[in-house]
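This one's a predicted model, so the numbers in the text were calculated from it and none came from an experiment. What's counted below: heavy atoms across the whole structure, side chains too, no hydrogens, waters or symmetry copies.
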Amino acid sequence: MTIVINPFFLLGAAAGAAMLVFGWLRKNKVSAVTSAPLRPCGGLAPGKPQAVSGRADAPVVLRSPVTGRDCAFFLKEVEVARAVYTRRGRRTSWVLAESSACGFFFVDDTFGRALVFPTYDSLDLCKPPEVEGSIIAIEGERRVTERVVLQGEEVTVLGSPRPLSEFIAYARENLAAGLPSSGLERLLELARDPAGAATPCFYGHDLSLVTDQNYSDYLSWKTSSASSYIWGGLAVALVSLWLFIQPFLSSGQRTVQ
């Protein structure tokens with residue numbers, strides 16, 4: 001007797017596994033934040049993982065590339081729809097053609113200030129990205145996406161801060177640091193003062209997270225989201241398991257009869 005496996009079993013199993021992994025990654029993000037102490041900007045220890053939360057205050061206010069909003073930092077991505085060939089044939093997909101980041105800001109928590117230079121990998125923004133251009137991937141079409149940290153909004157940052165004097169050396173070696181020229185001049189002026197040179201600075205590989213929420217709201221958002229994906233993934237996995245074993249149960253019932 002041939003038993004036919006429901007084809008939706010594989011689809012459901014893959015979807016359930018993906019949801020579980022996504023939920024687990026989000027839960028790990030929460031653990032990474034809570035494992036580091038939340039400190040005032042005026043009491044940071046150099047080189048140790050810490051979190052700060054406060055208001056974004058950019059000395060150089062920028063215009064976001066899509067909406068034109070006043071922002072402290074923006075990430076601009078340009079995508080082009082191109083033909084992609086796979087084993088299943090030819091399809092049109094969005095391909096990243098250009099990516100650029102610009103801006104920096106102080107985190108001001110009334111106890112002090114810390115400088116932040118966001119990176120692509122550190123961004124975890126709750127605001128949805130703004131998109132200009134075609135929604136459907138038609139070959140040759142182009143679209144621009146912006147992700148921004150707005151001037152004056154609440155932010156939370158996680159990383160291992162270094163003195164501003166070390167960042168200046170880093171910026172000189174990495175010309176693509178995303179610094180507006182006028183901003184670099186202000187930082188050089190700040191670094192000339194011994195107190196300014198000691199300003200804690202989050203940047204590069206020592207920066208783990210930049211989000212546009214305060215500390216408690218971010219943890220609540222991530223925890224809720226992680227739980228939703230984990231429980232949803234378990235539900236989908238259980239339904240998929242039932243679809244898998246149902247033919248065997250039916251076969252057993254017919255055999256008994």
Task: From Leu75, Val78, Thr145, residue fulfilling side chain to side chain contact (heavy atoms under 4.5 Å, CB included) relative to Ser99 - done: Leu75

Any donor-acceptor N/O pair, [X] side chain to [Y] backbone, under 3.5 Å:
X: Asp217; Y: Ser220; answer: no
X: Asp124; Y: Leu209; answer: no
X: Glu141; Y: Ile138; answer: no
X: Gln50; Y: Lys48; answer: yes
X: Arg113; Y: Asp108; answer: no

- [ ] Starting from the C-alpha separation in whole Å, work towards a yes-or-no answer on side-chain contact (heavy atoms from CB on, under 4.5 Å) for Val116 and Phe73.
- [x] CA-CA 10 Å; Val116 181; Phe73 167 86; over 6 Å; no

Kindly indicate whether the side chain of [X], heavy atoms from C-beta on, has any atom under 4.5 Å from the side chain of [Y].
X: Val107; Y: Val155; answer: yes
X: Glu77; Y: Arg147; answer: yes
X: Leu187; Y: Phe104; answer: yes
X: Ile168; Y: Leu188; answer: yes
X: Phe202; Y: Leu44; answer: yes
X: Asp57; Y: Phe105; answer: no
X: Lys76; Y: Val144; answer: yes
X: Phe111; Y: Arg39; answer: no

Can you name the nearest heavy-atom pair linking [X] to [Y], along with the distance?
X: Cys41; Y: Pro200; answer: O-CG, 3.9 Å
X: Pro49; Y: Pro37; answer: O-CD, 3.5 Å
X: Gly103; Y: Pro118; answer: O-CD, 4.1 Å
X: Ala81; Y: Thr92; answer: CB-CG2, 3.9 Å
X: Asp70; Y: Leu150; answer: O-CD2, 3.5 Å
X: Ala72; Y: Ala58; answer: CB-CB, 3.5 Å

same_hphob_cluster([X], [Y]) at 4.5 Å side-chain heavy-atom cutoff:
X: Val66; Y: Leu125; value: no
X: Val210; Y: Tyr120; value: yes
X: Val149; Y: Val61; value: no
X: Phe74; Y: Val131; value: no
X: Phe106; Y: Phe117; value: yes

Nearest 0.5 Å, what's the [atom1]-[atom2] distance between [X] and [Y]?
X: Thr199; Y: Leu190; atom1: OG1; atom2: CG; answer: 4.5 Å
X: Glu153; Y: Arg55; atom1: CD; atom2: CZ; answer: 11.5 Å
X: Arg63; Y: Cys102; atom1: CZ; atom2: SG; answer: 14.0 Å
X: Arg142; Y: Ser134; atom1: CZ; atom2: OG; answer: 12.0 Å
X: Arg192; Y: Ser165; atom1: CZ; atom2: OG; answer: 14.0 Å

Heavy atoms of other groups near [X] [atom1], more than 12 under 6.0 Å:
X: Leu96; atom1: CG; result: yes
X: Glu189; atom1: CD; result: no
X: Lys127; atom1: NZ; result: yes

TODO: Consider only side-chain N and O atoms of Thr67 and Glu130, and report whether a donor and an acceptor are under 3.5 Å apart.
DONE: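 Side-chain D/A pair, Thr67 to Glu130: absent.
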
Task: All ring pair (Phe, Tyr, Trp, His ring centres under 6.0 Å) counterparts of Tyr203, not counting sequence neighbours - done: Phe167, Tyr170

Solution key, residues 156-163 side-chain donor-acceptor pairs under 3.5 Å, sequence neighbours excluded:
| residue | atom | partner | partner atom | Å |
| --- | --- | --- | --- | --- |
| Thr156 | OG1 | Ser53 | OG | 3.2 |
| Thr156 | OG1 | Gln213 | O | 2.7 |
| Thr156 | OG1 | Tyr215 | N | 3.0 |
| Arg162 | NE | Asp206 | OD2 | 3.3 |

